[in-house]
There are 2 protein chains.
Amino acid sequence: MRRKSLKGAACPIAKALDVIGDWWSLLIVRDALRGTRRFSEFEKSLGVSKNILAGRLRTLVGHGILELAPASDGSAYQEYLLTPKGRGLFPVIVALRQFGEESLYGSEPCRTVMVDRKSGQPVRKLELRASNGRLLKPGETMLIRREA
Amino acid sequence: MRRKSLKGAACPIAKALDVIGDWWSLLIVRDALRGTRRFSEFEKSLGVSKNILAGRLRTLVGHGILELAPASDGSAYQEYLLTPKGRGLFPVIVALRQFGEESLYGSEPCRTVMVDRKSGQPVRKLELRASNGRLLKPGETMLIRREA
DNA sequence: CCGTATCCATTCCGATACTG
DNA sequence: CAGTATCGGAATGGATACGG
């Protein structure tokens, strides 16, 4: 972040990276999607120092990815919950996971698998499809300018 | 990057972020997916200084995301092409774009749309599906440990 | 338990100058 | 055109100490 270029960035990818394009933010979202809510849980899971974590959480709340809510267990503290906007990052997380699983392990494959909770079967790979359902490879897409 | 934690990171998301989890790398991949090949093209598109760009390109080549090839136009220089592994980042880019389009624009919507080159129609939203084709929301998935 | 404040080291980034 | 070398400033990260 804080590079010069993103001020008027028209590209949605650049805008997205401006919000979650740093190391910790996506890992926080990853944990939040798994149900992590409390400051100390994030701290323990990520192994990040308190000040960094506090800053990231504050930024994510500011961007509307997380929101603060009263603790569900009756304790005096608060919890960080994903907003609907934050849950919109689910495909990003899944895409990263699938890329990692597929291309970043050597002889020993990844030890965890994402499965459908109901059936216990592994989920499908994310695929981009045309409006008629046809599978699209990168070269089969293009960007067009939308008219006002 | 270069945080301490990723050395033995078992999480594929963390591993993926270690490879492309910085500001420029994904933007380089974005451009490469659009057909950008030459150093100067990346430089112009990204508005990044040469030394940073050179470093990122070198890292991406080192990770097997990009590869160097002789220039297709007969010039004396080389081009940076996506490897199959690099093209595996396509879903990540699309997911980021769709998140950005959906949640990061205010009154004025995003001016560009990704379409099927053949039909000219917008692509579908990425969806996670179970092995039986059922649509899966975040809470309907879980991670399990794979047995050796 | 949930942070904030501080200090310090490292890294990153941008601009520029320089080379083949 | 395609980089490399260098520099300074800014941001990031880790550790720790402190306070509500």
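All values below come from the heavy atoms of this structure, side chains included, with hydrogens, waters and symmetry mates left out.
Under the rule for a side chain to side chain contact (heavy atoms under 4.5 Å, CB included), the partners of B:K50 that lie at least two apart in sequence or sit in another chain are B:F39, B:E43. B:R124 pairs by the side chain to side chain contact (heavy atoms under 4.5 Å, CB included) definition with A:R129, not counting sequence neighbours. When the side chain to side chain contact (heavy atoms under 4.5 Å, CB included) test is applied to B:R34, the partners found at least two apart in sequence or on another chain are A:L143.
In the set D:dG20, D:dT12, C:dG14, D:dG20 carries the atom at the smallest distance from any side-chain atom of A:Y77. Listed nucleotides D:dG14, C:dG14, C:dC1 differ in distance to B:S49; the shortest reach to its side chain belongs to C:dG14.
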Tabulate atom names and distances for all N/O pairs under 3.5 angstrom spanning the protein and nucleotides 3-7 of chain C.
{"residue": "C:dG3", "atom": "OP2", "partner": "A:Y80", "partner atom": "OH", "Å": "3.0"}
{"residue": "C:dG3", "atom": "N7", "partner": "A:K50", "partner atom": "NZ", "Å": "3.4"}
{"residue": "C:dT4", "atom": "OP1", "partner": "A:R58", "partner atom": "NH1", "Å": "3.0"}
{"residue": "C:dT4", "atom": "OP2", "partner": "A:R58", "partner atom": "NH1", "Å": "3.2"}
{"residue": "C:dT6", "atom": "O4", "partner": "A:N51", "partner atom": "ND2", "Å": "2.8"}

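Both key distances under 3.5 Å define a Watson-Crick or G-U pair, and stretches of 3 or more such consecutive pairs in DNA chain D run C:3-20 with D:1-18.
Distances shorter than 4.0 Å separate some side-chain N or O of B:R38 from OP1 or OP2 on D:dA2. Contact annotation: A:W24 reaches the phosphate of D:dG13 (side-chain N/O to OP1 or OP2, under 4.0 Å).
When hydrophobic residues (I, L, V, M, F, W, Y) are linked wherever their side-chain heavy atoms come within less than 4.5 Å, the members clustered with B:I144 are A:V113, A:V115, B:M142.
Looking only at atom types and distance, the side chain of B:T112 has a donor-acceptor partner in the side chain of B:R97 under 3.5 Å away.
Contact between B:L66 and B:Y80 at its shortest, heavy atoms only, is CD1-CB, 4.2 Å.
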